[in-house]
Colleague: 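One structure coming up, written as structure tokens, with questions to follow.
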Amino acid sequence: MGRLKYVSEATGETFELDGSLNFAQTALSVRGSKSDYELGYRSIESESMPARSASLEITFLNLNEADRLVSIIDADRERNIPGRLIADKWEQRAALRGLDPSELTPSKLKASTECCLFDGVWRKPRLLHMLPNSGDSEGTKRYTYQYPYRYASEYGSRSITVSSKKSVAFLMCIFGFVRNPTIRIARNVYTVNVTIPKGGYLLLDGRDCSATLVTADGVKSDVYALCVRGQGEGCGTYAWERIPAGSSPVSWDDTFGFDLTIFEERSAPPFGSGL
């Protein structure tokens with residue numbers, strides 16, 4: 001069972017919920033899964049995995065650590081930016097709200113905090129670098145600017161293997177210069193009718209069906225309207241089509257490169273250590 005930590009996007013700090021100074025016991029309240037569903041006649045008519053809130057009990061063996069968590073919660077609240085709750089390699093967007101003490105001594109504090117879990121599922125990200133033919137023969141070409149995700153990566157891939165039993169969401173970062181980038185993965189074609197300038201990039205995010213163009217100066221613009229959406233999911237030309245389970249070929253015209261982060265999903269993080 002993976003150890004828990006919270007990463008604040010507002011401050012950039014990582015707070016270990018299971019460490020030498022703090023521990024959250026088994027934290028079963030956040031490790032479980034819950035769905036909303038409506039029963040029909042001998043069937044489930046509809047089901048969803050909504051955001052939820054759970055109480056998380058923490059024991060602090062250093063009172064300064066409790067003070068640090070309070071400052072992180074305050075900064076998150078002021079900026080209203082969700083952070084990430086991570087259980088080993090699995091994560092979801094989350095926010096901590098409040099700290100309610102139940103026991104205090106000069107060397108220890110027991111308290112609970114409300115943990116808001118926003119995604120309804122836990123995701124394990126994996127980053128792949130999809131290189132054009134201009135990359136070297138070892139597939140180790142690296143781009144010269146910073147990419148906001150730093151997960152274990154695979155270089156020079158021309159296919160994708162999704163090891164889970166269900167399709168997955170993705171984040172695609174396409175690097176300029178390129179006009180109207182088009183990429184085929186499995187049976188779907190992803191196209192955005194936009195010009196990505198040199199030094200800029202396009203973020204196509206299947207988790208929230210968004211598309212953001214970022215110039216070399218950091219200027220961002222919403223280009224959702226320029227994405228080819230066809231008739232929606234399953235039509236073969238939907239810009240945010242989930243990537244199917246198993247192995248899928250990837251093809252494009254090799255005039256540009258892109259990074260692809262795939263997010264395998266589970267309703268609850270693994271209780272064992274095998275995944």
Side-chain angles (χ1 to χ4, degrees), residues 1-9 14-19 22-59 69 72-73 76 80-100 111-127 149 151-152 160-171 205-210 233-234 240-246 261-275:
M1 186 165 64
R3 307 189 80 174
L4 281 178
K5 60 183 176 181
Y6 176 73
V7 180
S8 168
E9 296 298 326
T14 297
F15 191 89
E16 299 286 345
L17 294 166
D18 288 312
N22 322 300
F23 56 94
Q25 294 84 35
T26 56
L28 294 180
S29 60
V30 300
R31 293 183 185 275
S33 63
K34 178 177 174 58
S35 65
D36 282 353
Y37 58 89
E38 292 186 6
L39 290 176
Y41 179 69
R42 296 181 178 176
S43 66
I44 294 178
E45 287 193 344
S46 63
E47 186 173 12
S48 63
M49 301 290 289
R52 66 185 181 92
S53 177
S55 181
L56 184 63
E57 294 187 354
I58 309 170
T59 299
L69 181 58
I72 291 173
I73 292 173
D76 285 352
N80 196 26
I81 300 175
R84 288 178 291 144
L85 189 66
I86 301 175
D88 195 13
K89 298 177 182 179
W90 297 84
E91 64 181 53
Q92 72 169 294
R93 293 181 307 139
L96 302 182
R97 286 295 180 265
L99 197 65
D100 185 15
S112 61
T113 182
E114 285 300 308
C115 182
C116 303
L117 302 168
F118 295 127
D119 295 331
V121 295
W122 292 78
R123 295 185 172 109
K124 181 172 69 173
R126 180 161 57 97
L127 173 62
Y149 292 85
Y151 303 117
I160 301 168
T161 299
V162 175
S163 59
S164 69
K165 296 178 175 61
K166 55 181 288 189
S167 61
V168 298
F170 67 89
L171 174 68
D205 197 335
R207 293 170 297 177
D208 59 6
C209 296
S210 64
E233 290 185 60
W240 300 281
E241 186 78 18
R242 291 170 67 91
I243 298 172
T261 303
I262 60 175
F263 299 93
E264 298 194 27
E265 294 180 357
R266 288 174 56 95
S267 58
F271 293 101
S273 58
L275 294 175

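Scope of the values below: all heavy atoms of this structure, side chains included, with no hydrogens, waters or symmetry mates.
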Colleague: For the backbone of Pro125 and the side chain of Thr261, can you confirm whether one donor and one acceptor N or O come within less than 3.5 Å of each other?
Modeller: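 Flag not set: sc Thr261 to bb Pro125 has no pair under 3.5 Å.
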Colleague: Closest approach of Pro269 and Ala87, non-hydrogen atoms and distance?
Modeller: CB-CB, 4.0 Å
Colleague: What is the distance from atom CG of Leu28 to atom CG of Leu56, rounded to the nearest 0.5 Å?
Modeller: 10.5 Å
Colleague: Are the side chains of Ser112 and Ser55 in touch, meaning some heavy atoms are under 4.5 Å apart?
Modeller: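 SC-SC contact between Ser112 and Ser55 confirmed.
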Colleague: Considering all heavy atoms of both residues, which atom of Glu45 and which atom of Gly40 are nearest to each other, and what is their separation?
Modeller: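 Closest heavy-atom pair between Glu45 and Gly40: CG-CA, 3.4 Å.
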Colleague: I need the single residue from Gln92, Arg84, Arg93 that forms a side-chain hydrogen bond (donor to acceptor under 3.5 Å, both in side chains) with Asp119. Which is it?
Modeller: Arg93
Colleague: Between Ser164 and Glu265, does any side-chain donor sit less than 3.5 Å from a side-chain acceptor?
Modeller: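 On atom types as modelled, these side chains do not qualify, holding no pair under 3.5 Å.
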Colleague: Taking the side chain as C-beta and beyond, is there a heavy-atom pair between Tyr6 and Thr113 under 4.5 Å?
Modeller: no
Colleague: Can you tell me how far apart OG1 (Thr161) and CD1 (Ile243) are? Round to the nearest 0.5 Å.
Modeller: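 Taking OG1 in Thr161 and CD1 in Ile243, the distance rounds to 11.0 Å.
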Colleague: Within the structure provided, determine whether Leu39 and Ile44 are in side-chain contact (heavy-atom separation under 4.5 Å).
Modeller: yes
Colleague: Report yes if some heavy atom in the side chain of Trp240 is under 4.5 Å from a heavy atom in the side chain of Asp208; otherwise report no.
Modeller: no
Colleague: State, with a plain yes or no, whether a side-chain heavy atom of Pro270 is found less than 4.5 Å away from one of Asp88.
Modeller: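 Answer no - side chains too far apart.
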Colleague: Ser167 and side-chain hydrogen bond (donor to acceptor under 3.5 Å, both in side chains): which partner among Glu233, Glu264, Arg242?
Modeller: Arg242
Colleague: Closest heavy-atom contact between Pro82 and Glu9?
Modeller: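 The answer is O-CG, 3.2 Å.
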Colleague: Between the side chain of Asp18 and the main-chain N/O of Ala24, is any donor-acceptor distance below 3.5 Å?
Modeller: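 Answer holds: yes.
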Colleague: For a 4.5 angstrom cut-off between non-hydrogen side-chain atoms, does Leu4 reach Val30?
Modeller: yes
Colleague: Which heavy atom of Ser53 sits nearest to which heavy atom of Glu114, and what is that distance?
Modeller: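 Here Ser53 and Glu114 meet closest at OG-OE1, 2.8 Å.
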Colleague: Does any part of the side chain of Phe15, heavy atoms only, come nearer than 4.5 Å to the side chain of Leu96, both counted from C-beta?
Modeller: no
Colleague: What are the two closest heavy atoms between Arg123 and Phe263, and how far apart are they?
Modeller: CD-CB, 3.7 Å
Colleague: Find the distance between CG (Leu117) and CZ (Arg52) and round it off to the nearest 0.5 Å.
Modeller: 5.0 Å
Colleague: Look at the side chain of Arg97 and the backbone N and O of Cys116, then say whether any donor-acceptor pair between them is shorter than 3.5 Å.
Modeller: no
Colleague: CD of Glu57 to CZ of Phe23: how many Å apart, nearest 0.5 Å?
Modeller: 11.0 Å
Colleague: Considering non-hydrogen atoms only, spot the tightest contact between Lys124 and Trp90 and give its length.
Modeller: N-CE3, 3.5 Å
Colleague: Is it the case that more than 12 heavy atoms not belonging to Glu38 sit under 6.0 Å from its CD atom?
Modeller: no
Colleague: Crowded around Glu16 CD? As in, over 12 foreign heavy atoms under 6.0 Å?
Modeller: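 Yes.
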Colleague: With a 4.5 Å heavy-atom cut-off, do Leu69 and Asn22 have their side chains touching?
Modeller: no
